[in-house]
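A short write-up of the structure that comes next.
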Amino acid sequence: MTATTETDIEERLIVLVKQGDAAAMRKMYSTYVRYLAAVCSRYIPNDDDVKDVVQESFIRIFSGIRSFEYRGKASLKGWLTRVAVNESLRFLHHADRMKCVAISGEEHDLPEEEPDIDAIPSSVIFRLIRDLPDGYRTVFNLYVIEQKSHKEIAAMLNIKESSSASQLHRAKAMLAARIRQYNNLIPTSI
């Protein structure tokens with residue numbers, strides 16, 4: 001008797017979803033809804049909008065699952081992530097929120113050394129990233145989290161590569177300034 005692996009279960013779930021099995025769709029939804037909400041919330045700061053984009057993502061997932069080819073563990077999660085990121089970008093584009101933010105004279109350049117993030121809870125880092133202007137946040141997430149090149153980001157957002165690079169630079173500078181500001185608010189123990 002062969003033990004059923006996580007990969008076997010995932011592959012069987014995909015087969016059932018492709019066949020239109022409602023219970024399998026509910027299982028896929030319940031398994032990945034929180035993860036995809038976290039992905040979408042990296043791009044979209046409003047929780048109600050995130051819920052809408054996650055729902056749209058699942059509509060795309062269930063309507064496009066037949067074209068998905070399972071390639072082993074992590075391939076499903078990777079595909080679901082791409083769908084959610086693309087839906088998030090589509091939302092930002094249609095909401096006309098993907099304008100690149102001009103840098104003001106009072107913004108700082110990147111510091112020589114990166115700010116210390118060791119004492120900052122990940123939830124605070126997440127909030128600081130989420131509070132970046134839309135263009136900065138989107139390019140930052142695509143470059144740092146999704147590991148896209150500036151060329152890929154430019155194609156995805158219909159901007160120039162140099163715009164992607166400058167948005168990333170400005171996002172990092174703004175984030176570094178906010179991290180330093182947060183660190184200055186925390187009393188140090190002696």
Side-chain angles (χ1 to χ4, degrees), residues 1-98 100 122 125-126 129-130 132 134-165 167-168 171:
M1 182 180 235
T2 309
T4 306
T5 66
E6 186 179 327
T7 302
D8 294 335
I9 294 169
E10 189 174 70
E11 195 166 11
R12 179 71 183 140
L13 178 66
I14 294 165
V15 168
L16 291 172
V17 170
K18 284 182 176 185
Q19 293 172 351
D21 183 282
M25 289 178 169
R26 281 192 299 276
K27 175 67 175 164
M28 182 177 280
Y29 180 87
S30 66
T31 300
Y32 292 103
V33 67
R34 293 184 82 186
Y35 170 74
L36 294 183
V39 169
C40 293
S41 68
R42 290 195 310 247
Y43 296 90
I44 302 167
N46 180 287
D47 290 335
D48 290 332
D49 291 337
V50 167
K51 290 175 187 174
D52 291 343
V53 172
V54 169
Q55 293 302 333
E56 287 299 317
S57 296
F58 273 104
I59 290 168
R60 290 237 188 242
I61 288 163
F62 292 136
S63 65
I65 192 82
R66 283 191 170 86
S67 66
F68 171 70
E69 185 180 322
Y70 189 73
R71 293 190 171 119
K73 190 174 180 176
S75 66
L76 176 62
K77 196 171 191 177
W79 181 70
L80 296 173
T81 301
R82 278 193 309 279
V83 171
V85 167
N86 288 337
E87 282 304 307
S88 297
L89 297 178
R90 190 179 337 274
F91 170 83
L92 291 170
H93 177 73
H94 288 299
D96 200 29
R97 297 180 61 176
M98 278 307 303
C100 292
S122 59
I125 298 286
F126 178 75
I129 293 169
R130 201 171 183 200
L132 291 171
D134 293 329
Y136 291 4
R137 182 183 58 251
T138 301
V139 171
F140 181 87
N141 282 312
L142 288 171
Y143 189 86
V144 174
I145 307 295
E146 307 300 334
Q147 299 181 336
K148 302 290 184 190
S149 68
H150 287 300
K151 183 176 184 175
E152 291 169 311
I153 294 168
M156 292 172 82
L157 302 180
N158 197 27
I159 61 175
K160 294 178 181 177
E161 283 183 56
S162 60
S163 295
S164 175
Q167 291 295 292
L168 177 64

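Everything numeric here is computed off the predicted structure, so don't read it as measured data.
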**Item:** Chi angles and distances behind the side chain to side chain contact (heavy atoms under 4.5 Å, CB included) call for R60, N86
**Value:** CA-CA 10 Å; R60 290 237 188 242; N86 288 337; over 6 Å; no

**Message:** The test is side chain to side chain contact (heavy atoms under 4.5 Å, CB included); show your working for N141 and R137 and say whether it passes.
**Reply:** CA-CA 6 Å; N141 282 312; R137 182 183 58 251; 3.4 Å; yes

**Prompt:** If you measure from CG on L76 to CD1 on I65, what distance do you get to the nearest 0.5 Å?
**Reply:** 6.0 Å

**Request:** Work out which heavy atom in L16 is nearest to a heavy atom in A24; give both atom names and the distance.
**Result:** CB-CB, 3.5 Å

**Fill in**
Between the NZ atom in K51 and the SG atom in C40, the distance rounded to the nearest 0.5 Å is 13.0 Å

**Request:** Please report the shortest heavy-atom distance between G64 and S67, naming the atom on each side.
**Result:** O-OG, 2.8 Å

**Request:** Without swapping roles, check the side chain of T138 against the backbone of G135 for a donor-acceptor pair under 3.5 Å.
**Result:** no

**Message:** Is the ring pair Y35/Y32 parallel, tilted or perpendicular, if the boundaries are 30 and 60 degrees?
**Reply:** perpendicular

**Prompt:** Which is it for L36 and F58 under the side chain to side chain contact (heavy atoms under 4.5 Å, CB included) test, yes or no, and what are the steps along the way?
**Reply:** CA-CA 9 Å; L36 294 183; F58 273 104; 3.7 Å; yes

**Partner set under salt bridge (charged side-chain N to carboxylate O under 4.0 Å, His left out) for E146, not counting sequence neighbours** = R42

**Request:** Look up atom CG in L13 and atom CG in D8, then write down how far apart they are to the nearest 0.5 Å.
**Result:** 12.5 Å

**Complete:** On a heavy-atom basis, the closest approach of H150 and S164 is ND1-OG, 2.7 Å

**Prompt:** Which pair of heavy atoms, one from V39 and one from A84, lies closest together, and at what distance?
**Reply:** CG1-CB, 4.0 Å

**Prompt:** Atom CD in E161, atom NZ in K151: separation rounded to 0.5 Å?
**Reply:** 6.5 Å

**Asked** Which heavy-atom pair separates R130 from I44 by the least distance, and what is that distance?
**Response** NH2-O, 3.3 Å

**Pair R12 + D21, salt bridge at N-O below 4.0 Å** = no

**Asked** With no hydrogens and no angle check, do the side chains of Y143 and E152 hold a donor and an acceptor under 3.5 Å apart?
**Response** no

**Message:** With heavy-atom distances below 4.5 Å as the criterion, would you say the side chains of D134 and P45 are in contact?
**Reply:** yes

**Asked** Between CZ of F68 and NZ of K18, what distance do you get to the nearest 0.5 Å?
**Response** 7.0 Å

**Request:** Look up atom OG1 in T31 and atom CG in L80, then write down how far apart they are to the nearest 0.5 Å.
**Result:** 10.0 Å

**Item:** Derivation and outcome, side chain to side chain contact (heavy atoms under 4.5 Å, CB included), residues L168 and I153
**Value:** CA-CA 11 Å; L168 177 64; I153 294 168; over 6 Å; no

**Request:** Could you tell me whether the side chain of V85 reaches within less than 4.5 Å of the side chain of L142, counting heavy atoms only?
**Result:** yes

